[in-house]
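Structure record follows, encoded as structure tokens.
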Amino acid sequence: MNDAATPTPKDPPRYDFAAAEPRWQAEWDRRACFAVPDVPPADAKKYYVLEMFPYPSGKIHMGHVRNYTLGDVVARYKRARGHLVMHPMGWDAFGLPAENAARERGIHPGKWTWDNIANMRAELQRMGLSLEWAREFATCDAAYYGKQQKLFLDFWKAGLVERKESWVNWDPVDGTVLANEQVIDGRGWRSGALVEKKKLSQWFLGITKYAPDLLAALDGLDRWPERVKLMQANWIGRSEGARVRFRLTDAKAAGLDEVEVFTTRPDTLFGMSFLAVAAEHPLAAAAAARDPNAAEFVAECRRMGTSEAAIEQAEKRGYDTGFRVAHPFLPGISFPVWIANFVLMEYGTGAIFGCPGHDQRDMDFARKYGLSVLPVVLPPGEDPATFTLGDVAYTDDGKIFNSDFLNGLDVPTAKRRVIEKLEEGGQGVGVVNWRLRDWGISRQRYWGCPIPVIHCDACGAVPVPEDQLPVVLPEDVDFSRPGNPLDHHPSWKHVACPSCGKPAVRETDTCDTFVDSSWYFARFCSPQAAEPVTRAAVDAWLPVDQYIGGIEHAILHLLYSRFFTRAMKATGHLQCEEPFAGLFTQGMVQHESYKSADGRWLYPEEVEISANADGTRSAVVKGSNEPAVIGRVEAMSKSKRNTVDPGAIIGKYGADTARWFILSDNPPERDMEWTESGVAGAFRFTQRIWRLAANAAPALPPPGTPAEGATGAARKLRQATHRTIAGVTEALENFAFNVAVARIHEFANAIGETDAAASAEGMGAARREALETLARLVAPMMPHLAEEVFSVLCPGAGKLVAEMEWPQADPDLLKAETVTLAVQVLGKLRATIEVAAGAPEAEIFALAEAEENVQRALGGKPVRKRIHVPGRVVNLVV
RNA sequence: GCCCGCCUGGCGGAACGGUAGACGCAGCGGACUUAAAAUCCGCAGCCCAUCGGGCGUGGGGGUUCGAGUCCCCCGGCGGGCACCA
């Protein structure tokens, strides 16, 4: 134990992170510590660490700091474990914000983007990340997107590209296509006009061809979070059911003979009470053509926007078209055809049959419009004579009734039976339906990758010849007009048809930015290649061993990347199918929000927080001392002003402190709360490690002094050292970085307690071992401090921690001599006993029952059962 | 609305189905100091209390010798929903 009253004789100078961090960054750079070849040597254990590359918004935010810190810990740890680690960085540089900046502030999207990149690169470099900057690229560089155009053309040749019509959000006032996020409460965000759906001809990638494989292959992704795989599986949405054809009784008026419906519940066909089609369905158009009220209803549905959330949350409404369809099995019986706003044109056939008894949405609809409700599945224990339904549909299994040839069957059997019957009569067919739709990539925007197609009146859509790639965006564009600047550029789109030479026009749509991010991980393997990728490089480096990013990308980005990898394989660009072998999804960074008394949002630096004696806290506005309200902890956002600038934090405390706090706060998959006191605590710990090492260094034996043969306090320290190695290693392997931090705190406490015992036998060597180990264990998390500490312990070693291998725990020092067992009576803790490791069970039970407190709890009753879990617990049952 | 998560002291969290609260932050007490900062030592889930006991992991139920952990129901908060990235 330390003598509390004795001050440290000579405190060393404080750790000067501001000088040390740039110095070590320069040293790593000078030695090219993080460079790897495009094609690794055959005997190398490759490991590809990748964090989702950032959108260059202008400044890095705490979410970036967290993301790249997590990735850097993995990269540095794996490097120390002897892997050849590739860890690149680039920019997801196309997208809407650059165009918004152009429209709002008159800055060219290109200039805005490249300036942002320069700024953010400098900020990232201050974090001390083990990145190989030589591989950097931006997706808005023609050197990148030109290769993407080549991939598009290859996919086209392989039959994976199609031109189809689809619906977009249209702002009739601005004359612009809107993104879903630009539609607020059904209105355009700038014009305020009611948004309409509009049909456009667009380019699609054939992701649905891979639906079965994208679903099946999820099983093999054993290092992906289960919930992400579940979300993807639900998104792909395989369902078994039937397509059923309903004959229209008034075919002439409708201009169609029949309506085809997809259903997963063909067993409830006899409980049908109506048929409903989407507003975009041809039958709805037919109804609208002859009935102005139907036309009005269709027009109303068009004002709902295209997002599924908006459609499903809208009030369920419908319109009776007056058309009727015949029941496939009941001659003479027909049902009304409605247009319904909750039927999605994109799913199934855009038409459903409504069975209110066994589908809640149909039930709500039937009750609202007074349609009949006939139950056809009888719940167990109910009497068919008396069973009725209120407003709640019955969706579980039961016995079919009221259903002709299906009566008496259970639901699965009835499904098979009715499909057989439909197929016999040619009225329908059993099918597998997929929720996944083809990927529409056309965007009516300037700041994206031009789709390399030329439209010719004579030849149709013609691919741009490969020797004319890249199709480069024009620089001189006008954002003062609404719409797509590429479209109204005076000359850019006018070209000769590559096929017939007559005047033709370029495609003026650009790619969805998800396309850019669907293959960047492959490009990193050979970022300068003349082709999209170099086979030898991608085949060696892919798949990414550890991919790290936000859960918000769980479905789209990851699914599109999985599709792209398959499409690139099909077109001979690479050989793997799954791009990301391991996936980790991090939580968001949150912060308290603050408001002034009059309700204005306040920045954290505008308020002064003080602690009250009862543990609560209060806040005042700095300067004025007016009271402020401490609000809830929420995701950092500019609108709520609860943001913290990473640059300011790094300037005040250093990169290592920011990294350490981020890692220590909580498990990385959860949302974390950024707190000023937490950062300050992390900063104190950096100083504490520095003091431990700098104070001890002068008295330590020379580097390389063997630590074996220690006894007493020295052996205890060595045990702590080796248990910490084991504990930190396990924690890092499990992504439990907060636990790794806790183990290192415990270790620092253990080293601190050895001061007064420094004269014990072997203590000097044990302390050297402990401190050198401490430096190496913190290195993935606080790389600069690790180098600084190590250089003080081993001056002139000529080797960096970044170049050293990971410490190994000595199994002999991990063994415990005695164990503490909990003694329970009926599952309640009554005592603990200390026994030698491996003591016989009989002796343990005797010892446990001899405890006074245990005796009292037993109360003289005989012990009926004795449970012993070695090393853990004894439970006595009376 | 649909799909997927999360919920443990004042706070962040730890815990192979086996001693709930490791470690840290904030707090309290002490040492050092003219003083402060920094640092060091100690206390600390809640309730009753002397040993000790009772209650406790969002709420309710269940399985088990034993549940924060497994199962069912409910509540609150968050992510995604195909043109934000």
Side-chain angles (χ1 to χ4, degrees), chain A residues 1-8 11 14 52 54-55 57 92 95-97 168-169 177-183 225-228 230-231 233-235 237 306-314 316 342 346 361 436-437 439-445 512-514 517 550-557 559-560 585 587-588 611-617 635 664-667 669-673 675 677-678 680-682 684-685 687-688 691 736 738-739 741-746 749 752 820-824 826-829 831-832 853 856 864-867 869 871-877:
Chain A
M1 274 297 146
N2 244 356
D3 181 356
T6 309
T8 317
D11 268 339
R14 309 200 85 201
M52 291 181 185
Y55 178 79
S57 57
D92 188 14
L96 269 183
V168 295
N169 296 309
V177 176
L178 297 178
N180 280 335
E181 72 155 14
Q182 297 173 322
V183 179
E226 282 304 318
R227 61 172 164 150
V228 173
L230 241 177
M231 283 191 261
N234 288 334
W235 186 262
T306 58
S307 99
E308 190 177 312
I311 292 166
E312 295 216 12
Q313 268 166 282
K316 309 283 172 284
F342 60 84
E346 291 83 8
R361 243 177 354 187
L436 184 67
R437 309 199 296 258
W439 175 14
I441 59 159
S442 295
R443 298 291 182 271
Q444 296 68 40
R445 317 205 183 282
D512 178 4
T513 56
F514 271 124
S517 55
I551 186 71
E552 67 274 18
H553 293 293
I555 297 174
L556 292 179
H557 162 59
L559 194 62
Y560 290 150
T585 54
M588 292 182 307
N612 306 326
D614 64 356
T616 61
R617 296 170 313 137
S664 67
D665 187 63
N666 68 350
E669 67 274 16
R670 286 202 215 165
D671 291 347
M672 75 165 285
E673 184 189 355
T675 60
S677 56
R684 285 199 297 273
F685 190 66
Q687 296 294 347
R688 177 142 188 254
R691 266 196 315 278
N738 57 323
V739 179
V741 166
R743 296 288 163 268
I744 286 169
H745 268 283
E746 287 167 341
N749 290 343
T820 307
L821 288 180
V823 182
Q824 300 176 335
L826 284 171
K828 278 193 184 294
L829 180 72
T832 58
N853 220 30
R856 188 168 32 235
R864 227 181 58 222
K865 193 169 170 188
R866 294 179 176 83
I867 292 149
V869 182
R872 293 283 175 180
V873 77
V874 170
N875 194 6
L876 306 172
V877 185

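Below, all heavy atoms of this structure are taken into account, side chains as well, without hydrogens, waters or symmetry copies. Chain naming here is simple, since letters A, B, ... match the order of the sequence lines and numbering starts at 1 in each. Fair warning: this is a prediction, and the values are worked out from it, not measured in the lab.
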inquiry  = Heavy-atom nearest nucleotide on RNA chain B for A:His745 versus A:Asn169: which residue maps closer to 5'?
reply    =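 First, find each residue's nearest nucleotide; the 5'-ward one identifies A:His745.
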
(Q) With nearest nucleotide decided by heavy atoms, which residue, A:Arg443 or A:Val228, maps closer to the 5′ end of RNA chain B? (A)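 Between the two, 5'-proximity favours A:Val228.
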
Using a heavy-atom cut-off of under 4.0 Å over every strand shown, decide if [X] touches base, sugar-phosphate, or nothing.
X	result
A:Glu746	sugar-phosphate
A:Pro667	sugar-phosphate
A:Val177	base
A:His553	base
A:Trp439	nothing

Tell me the partner of [N], counting only Watson-Crick (N1-N3 plus N6-O4 or O6-N4) or G-U wobble (N1-O2 and O6-N3) with both under 3.5 Å; none if nothing fits.
N	answer
B:C16	none
B:G9	none
B:G1	B:C81
B:G56	none
B:G27	B:C43

Quick one: is [N] close enough that its OP1 or OP2 comes under 4.0 Å of any side-chain N or O from [X]?
X	N	result
A:Arg670	B:A14	yes
A:Asn738	B:A14	yes
A:Asn666	B:C11	no
A:Arg691	B:C40	yes
A:Arg684	B:C25	yes
A:Asn180	B:C81	no
A:Thr513	B:A85	yes

Which listed nucleotide ([options]) is nearest to the side chain of [X]?
X	options	value
A:Arg227	B:C81, B:G5, B:C84	B:G5
A:Asp512	B:G80, B:C25, B:C83	B:C83
A:Glu673	B:A82, B:C4, B:C11	B:C11
A:Arg688	B:A38, B:C40, B:A22	B:C40
A:Arg872	B:G12, B:A82, B:G18	B:G18
A:Ala309	B:C40, B:G1, B:U19	B:G1
A:Phe514	B:C83, B:A85, B:G24	B:A85
A:Glu308	B:G80, B:G1, B:A26	B:G1

[X] has an atom [atom1]; how far is it from atom [atom2] of [N], in whole Å?
X	N	atom1	atom2	answer
A:Asn234	B:A82	CG	C1'	15 Å
A:Leu436	B:A82	CG	C1'	9 Å
A:Arg445	B:C84	CZ	P	8 Å
A:Asp665	B:G13	CG	P	7 Å

About how many Å separate [atom2] of [Y] and [atom1] of [X], when rounded to the nearest 0.5 Å?
X	Y	atom1	atom2	result
A:Met52	A:Thr585	CE	OG1	8.0 Å
A:Thr513	A:Leu96	OG1	CG	8.0 Å
A:Gln687	A:Arg14	CD	CZ	4.0 Å
A:Arg743	A:Asn738	CZ	CG	9.5 Å
A:Arg691	A:Arg684	CZ	CZ	10.5 Å

Under a 4.0 Å heavy-atom criterion, the protein footprint on nucleotides 45-58 of chain B, written with B, S and -, is -------SSSS---

- prompt: Among A:Ile744, A:Val741, A:Val739, which residue meets the side chain to side chain contact (heavy atoms under 4.5 Å, CB included) test with A:Ser664?
  reply: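 Considering A:Ile744, A:Val741, A:Val739, a side chain to side chain contact (heavy atoms under 4.5 Å, CB included) with A:Ser664 is found only for A:Val741.
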
- Does the B:C23 base have a donor-acceptor partner in the side chain of A:Arg743 within less than 3.5 Å?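 Flag unset: no donor-acceptor pair detected.
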
Does A:Gln444 get its side chain close enough to the base of B:C83, under 3.5 Å, for a donor-acceptor pair?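 Checked by distance alone, the answer is yes.
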
**Q.** side chain to side chain donor-acceptor pair (under 3.5 Å) involving A:Gln313 - partner list, sequence neighbours excluded
**A.**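 Once residues adjacent in sequence are excluded, A:Gln313 has no partner under the side chain to side chain donor-acceptor pair (under 3.5 Å) criterion.
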
Going by the glycosidic torsion and a 90 degree boundary from 0, is the base of B:G9 oriented syn or anti?
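Because its glycosidic torsion lies within 90° of 0, B:G9 adopts the syn conformation.
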
Write down the protein N/O and nucleotide N/O pairs, taken from nucleotides 65-69 of chain B, whose separation is under 3.5 Å; answer none if there are no such pairs.
| from | atom 1 | to | atom 2 | distance (Å) |
| --- | --- | --- | --- | --- |
| B:C65 | O2' | A:Asn875 | ND2 | 3.4 |
| B:C65 | O2 | A:Asn875 | ND2 | 2.5 |

